[in-house]
Amino acid sequence: MILYFEVHSFTDKVFHGNPAGVCPLDEWIDDALMQKIARENGLSETAFFVPGNEGFDLRWFTPAVEVDLCGHATLASAFVLFDHLGYEGESIRFNTLSGALRVWKQGSALVMDFPSRPASRVDAPLHLQNAFNLPLEEVYKSRDYMVVLNSEKTVRDLQPDMAELGRLDCTGIIVTGPGEDVDFVSRFFAPRAGIAEDPVTGSAHCTLTPYWAAVLGANDLTARQVSERGGELACRLVDDRVHIAGRAALYARGFLNIG
């Protein structure tokens, strides 16, 4: 039996934000089994963690692949530890494929310390042009492609061709623009990782934050991911790190009938 939580991240109420599965483990189980669990859960990410020498070792799986960084499932894991497993430290250290990540409480929110991933300007590849039926004047690339559009409405109304996006050699595609009542908005598509559209993507804000900080001349930014479920994030650029704050809500707790 594996203890299992489903947490909705970057929101304070269920049925909003981004659902993440969380599996606390005493020791690692087989990689193939973790991938099967993530596929069966059908959520954009399922997180698995075990106690480590310093803090916890944390991994994330989409229904299709293991990924190197995930924000909402890290937030969900910290929420489970702080609020449901009795963790009493001031902060949690997670050891991951992206290095050490730290999470701490700040009022009703949790703050994650992530690496900044600034993007470089590039020409739009053919499949990206084909996926969006509009001119692409600003395209950038870090781990993900990032397309900058001129308004929140344009970001919201976008209906990309997923087959074309799936032909791009990247984890995902960020689309962003200025917000109407927040500093910026975004959406995130990752068909190659088994996710058509991710509801709220913490890791994308490792690229979004340095971009918008430079454009707006401010290191403290408010953000909204304008997917169907939607989510709210507070972002701060701190040297070569990004602090991403959000809240979480417990949807379910139980056991997986495995082992």
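The structure displayed is predicted, hence computed values, not measured ones. We count residues from 1, following the sequence as given. Keep in mind that the numbers below use all heavy atoms, side chains included, and drop hydrogens, waters and symmetry copies.
Within 6.0 Å of CZ in Arg93 there are more than 12 heavy atoms belonging to other residues, nucleotides or ligands.
Between Val200 and Ser9, the closest side-chain pair of non-hydrogen atoms is not below 4.5 Å. Using a 4.5 Å heavy-atom threshold, the side chains of Pro24 and Leu85 count as touching. In this structure, the side chains of Phe188 and Ser186 stay at 4.5 Å or more apart for every pair of heavy atoms. Side-chain contact between Met112 and Leu101 is absent, with no heavy atoms from C-beta onward closer than 4.5 Å. Side-chain contact between Val215 and Tyr211 is present, with at least one heavy-atom pair separated by less than 4.5 Å. Taking 4.5 Å as the limit, every side-chain heavy atom of Pro178 sits out of range of all side-chain heavy atoms of Glu152. With contacts defined as side-chain heavy-atom distances shorter than 4.5 Å, the pair Leu149/Leu134 qualifies. At a threshold of 4.5 Å between non-hydrogen side-chain atoms, the residues Arg229 and Asn18 do not count as touching.
Judged by distance alone, with hydrogens and angles left aside, the side-chain atoms of Glu6 form no donor-acceptor pair with the main-chain N or O of Pro19 at under 3.5 Å. Between the Asp30 side chain and the Ala32 main chain, a donor and an acceptor come within less than 3.5 Å of each other. Proximity of a side-chain donor or acceptor of Ser203 to a complementary backbone N or O of Gly71 within less than 3.5 Å is not detected. Judged by distance alone, the side chain of Thr222 and the main-chain N or O of Val182 form no donor-acceptor pair under 3.5 Å. Counting only distance, with no hydrogens or angles, the side chain of Ser98 and the backbone of Asp68 share a donor-acceptor pair below 3.5 Å. Put simply, the side chain of Ser91 never gets that close to the backbone of Trp104: no donor and acceptor are under 3.5 Å apart. Checking side-chain atoms of Glu232 against main-chain N and O of Gln225 turns up no donor-acceptor pair under 3.5 Å. Without hydrogens or angle criteria, Arg187 side chain to Arg156 main chain gives a donor-acceptor distance under 3.5 Å.
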Inset, instruction - I would like to know whether Phe189 and Leu168 meet side-chain contact (heavy atoms from CB on, under 4.5 Å); could you show each step before the answer? - result: CA-CA 11 Å; Phe189 308 96; Leu168 290 165; over 6 Å; no
Inset, instruction - Apply side-chain contact (heavy atoms from CB on, under 4.5 Å) to the pair Ser77 and Leu58, showing each step before the final yes or no. - result: CA-CA 9 Å; Ser77 298; Leu58 173 65; 3.8 Å; yes
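Between the side chains of Thr74 and Trp60, at least one donor N or O lies within less than 3.5 Å of an accepting N or O.
Using cut-offs of 30° and 60° on the angle between ring planes, the pair Tyr251 and Phe15 is perpendicular.
For the atom pair Arg241 CZ and Phe114 CZ, the distance stands at 9.0 Å (nearest 0.5 Å). To the nearest 0.5 angstrom, Met34 atom CE is 11.5 Å from Ile258 atom CD1. To the nearest 0.5 Å, atom CG of residue Leu25 and atom CG of residue Asp57 are 11.0 Å apart. To the nearest 0.5 Å, atoms NE2 (His8) and CG (Leu75) are separated by 12.5 Å. Of the inter-residue distances, the one linking Glu40 atom CD with Thr46 atom OG1 reads 10.5 Å to the nearest 0.5 angstrom. Rounding to the nearest 0.5 angstrom, the gap separating the CZ atom in Arg117 from the OG atom in Ser142 is 6.5 Å.
Cluster membership check: Ile174 shares its hydrophobic cluster with Tyr140, using side-chain heavy-atom separations under 4.5 Å among Ile, Leu, Val, Met, Phe, Trp and Tyr. Both Val7 and Leu233 belong to a common hydrophobic cluster when Ile, Leu, Val, Met, Phe, Trp and Tyr are linked at side-chain heavy-atom distances under 4.5 angstrom. Cluster membership check: Met162 does not share its hydrophobic cluster with Ile195, using side-chain heavy-atom separations under 4.5 Å among Ile, Leu, Val, Met, Phe, Trp and Tyr. Residues Trp212 and Val226 do not share a hydrophobic cluster, defined by chaining ILVMFWY side chains whose heavy atoms lie under 4.5 Å apart. Taken together through direct or relayed side-chain contacts under 4.5 Å among Ile, Leu, Val, Met, Phe, Trp and Tyr, Phe61 and Leu256 form part of one hydrophobic cluster.
Partners of Glu66 under the salt bridge (charged side-chain N to carboxylate O under 4.0 Å, His left out) rule, at least two apart in sequence or in another chain, are Arg59. Applying the side chain to side chain contact (heavy atoms under 4.5 Å, CB included) criterion to Thr171, with sequence neighbours excluded, gives Arg143, Asp144. Contacts of Arg102 classified as salt bridge (charged side-chain N to carboxylate O under 4.0 Å, His left out), with partners at least two apart in sequence or in another chain: none.
Heavy atoms only, all atoms of each residue included: Glu45 and Cys70 are closest at CG-SG, 3.1 Å. The two atoms that bring Arg224 and Asp181 nearest to each other are NH1-OD1, 2.7 Å, heavy atoms only. Minimum interatomic distance between Asp220 and Asp183 (heavy atoms only, all atoms of both residues): O-OD2, 4.0 Å. Across all their heavy atoms, Val14 and Leu250 have their closest contact at CG1-O, 3.5 Å. Scanning both residues, Thr62 and Ala193, for their nearest heavy atoms gives OG1-O, 2.6 Å. Minimum interatomic distance between Gly202 and Ile244 (heavy atoms only, all atoms of both residues): O-CD1, 3.3 Å.
Between Phe10 and His16, the distance separating the two ring centers is not shorter than 6.0 angstrom.
Electrostatic pairing of Lys105 and Asp83 counts as a salt bridge here, judged by a charged N lying under 4.0 Å from a carboxylate O.
Screening Phe49, Phe79, Phe82 for a ring pair (Phe, Tyr, Trp, His ring centres under 6.0 Å) involving Tyr87 leaves a single residue, Phe82.
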